[in-house]
Amino acid sequence: MKNKVCISHKEDVDGVSSAALIKTAFEVNTVILVDYANMIKTLRSMVSSVQEGTKKIDELYVCDLGLSKKNENEFVKILKQMIEAKCSVTYIDHHDLDKKLLAELKKSGVKLLHSTKECTTIHIYNKYKRKFGSYQAFLAAAAALTDYLETRPIASNLVSRFDRQFLMLEATALSYMISSSQHDSDFLATIVEDLSQKKYPHDIEGGFQRAERHARKVLTVVKSIENSIILAKNLAHVQINSELPSSMVVNFVLGTSGKPVALVYKAKDDINSCIISIRGSNECKVHLGRIVNDLSSALSGSGGGHEKACGAVIPKDKFPEFIKQLDKKSR
């Protein structure tokens, strides 16, 4: 029996749903959910096990994990090593990537499914839809909705197939379940397993209760920072000290501030850095992901993402300059 592994993004519906669809389509044995901070470390450990002969992997699927200038070369190197070890590697993603990098991945033998036009789960559903039914179409629509990509051509077609209110309820609840479980790998694994077994989010045991508790925490944090938001010319930013991920709060700051760009960050003493989430409104006319990738790299950090949603890790002493430059470039 072939050993098949899927590594996917752990922090949102798109990453978790991608893992569920890949598990369904290819009967994957092992699903590993990672964030950007431990993605490369996890892949290094995997390739070391393969090279040492302690573990054989026949097929590897990497989903919804974008790259930055800081890790892209290492990422390509690891996937090449996996292929040299006779492992079939498929990389499916929708984050902005350099064309040269994409060409290098293809040249090395990676099966590449990439486009910024739709979210990753939509790519998976559309590519392998002969393996799927209406349930997986629903999951893909939910992923597009929570990734703010529901107006894209394929996504909008899928979204229109379902009752919008039911879709929004299930997608939002799933998003909050996932966000509330970032330190509970067992429950995240349960979510993937249940979704692969065609359970709707409301059928995941204890899921809606987790979502409700998380919603209350988010609102508490939002109220606590209302008077602490700092307004620059184009950018609103604020620090949070909550256990909540910054990404759960940043859209509230965007709406409250009225600025084209909002930024929420946490100061992490153990790595002497700031963990940052950034969002842009329709008034923002620049590609934030590209700007943040370039800017964070220049400031000894890492970052990147989508046109209107991205993140970064910046050394604390470089954070004021990051804010200054991002505000300047966000016109």
Side-chain angles (χ1 to χ4, degrees), residues 5-11 14-15 18-19 22 32-52 55 57 59-116 120 123 268 271-278 287-307 309-315 317-319 321-322 325-326 329:
V5 177
C6 174
I7 296 182
S8 194
H9 191 201
K10 68 184 284 189
E11 296 177 309
D14 195 24
S18 291
I22 288 293
I32 302 171
L33 298 176
V34 298
D35 56 20
Y36 291 114
N38 66 10
M39 172 179 71
I40 294 297
K41 180 181 178 181
T42 301
L43 285 168
R44 279 196 198 118
S45 175
M46 182 178 296
V47 78
S48 293
S49 297
V50 169
Q51 289 176 331
E52 291 167 4
K55 185 176 184 180
I57 298 175
E59 297 177 15
L60 173 64
Y61 301 87
V62 182
C63 303
D64 197 40
L65 289 167
L67 308 174
S68 68
K69 290 185 176 180
K70 188 172 182 177
N71 66 16
E72 60 187 21
N73 290 331
E74 179 74 3
F75 181 80
V76 173
K77 177 183 175 182
I78 290 171
L79 294 196
K80 282 182 178 179
Q81 290 172 332
M82 292 297 294
I83 291 170
E84 288 168 358
K86 308 302 181 184
C87 175
S88 171
V89 178
T90 302
Y91 178 39
I92 309 170
D93 188 57
H94 71 129
H95 297 86
D96 192 56
L97 296 175
D98 186 88
K99 290 182 179 179
K100 290 182 179 179
L101 181 69
L102 292 171
E104 191 172 354
L105 285 166
K106 286 182 180 179
K107 185 179 178 181
S108 67
V110 174
K111 298 174 184 176
L112 189 64
L113 178 55
H114 176 270
S115 170
T116 59
T120 303
H123 287 319
K268 298 284 286 182
I271 57 173
N272 198 33
S273 296
C274 294
I275 311 297
I276 302 167
S277 288
I278 303 162
H287 195 297
L288 289 172
R290 292 173 189 166
I291 289 173
V292 168
N293 193 353
D294 291 340
L295 185 55
S296 59
S297 179
L299 295 174
S300 303
S302 63
H306 308 300
E307 185 177 1
C310 57
V313 179
I314 303 295
D317 61 336
K318 303 292 179 63
F319 182 72
E321 183 63 19
F322 180 83
Q325 292 297 324
L326 183 60
K329 295 175 183 293

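Count residues from 1 along the sequence.
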Quick one: pull up [atom1] in [X] and [atom2] in [Y] and give me the separation to the nearest 0.5 Å.
X	Y	atom1	atom2	result
Lys70	Ile40	NZ	CD1	11.0 Å
Arg44	Gln81	CZ	CD	10.5 Å
Ile22	Ser8	CD1	OG	8.5 Å
Asn71	Tyr36	CG	OH	9.5 Å
Lys111	Tyr61	NZ	OH	6.5 Å
Cys6	Leu33	SG	CG	8.0 Å

Least distance between heavy atoms, [X] atom then [Y] atom:
X	Y	value
Asp93	Leu97	OD2-CD1, 4.3 Å
Ala85	Val50	CB-CG1, 3.3 Å
Asp14	Thr120	OD2-N, 3.0 Å
Gly304	Val292	N-CG1, 3.8 Å
Gly66	Tyr91	CA-OH, 4.1 Å

Atom NZ of Lys318: over 12 foreign heavy atoms under 6.0 Å:
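Counting other residues, nucleotides and ligands, NZ of Lys318 exceeds 12 neighbours.
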
Which pairs with one or both residues in residues 289-305 pass side chain to side chain donor-acceptor pair (under 3.5 Å), sequence neighbours excluded?
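Qualifying pairs: Lys69-Asp294, Asp96-Arg290.
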
Does Ile7 form a side-chain contact (heavy atoms from CB on, under 4.5 Å) with Leu60? I'd like the steps, not just the answer.
CA-CA 8 Å; Ile7 296 182; Leu60 173 64; 4.2 Å; yes

Is there a side-chain contact between [X] and [Y] (heavy atoms, below 4.5 Å)?
X	Y	value
Phe75	Leu101	no
Asn73	Lys77	no
Met46	Ile32	yes
Ile278	Leu326	yes

If you take the centroid of each ring, where Trp contributes its six-membered ring, are His123 and His114 closer together than 6.0 Å?
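His114 vs His123: aromatic centres not under 6.0 Å.
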
Tell me whether [X] contacts the main-chain N or O of [Y] through its side chain, where contact means a donor paired with an acceptor under 3.5 Å.
X	Y	value
Ser88	Glu59	no
Asp64	His9	no
Ser45	Lys41	no

How are the rings of His306 and His94 set relative to one another: parallel (under 30°), tilted (30 to 60°) or perpendicular (over 60°)?
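Ring orientation of His306 relative to His94: tilted.
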
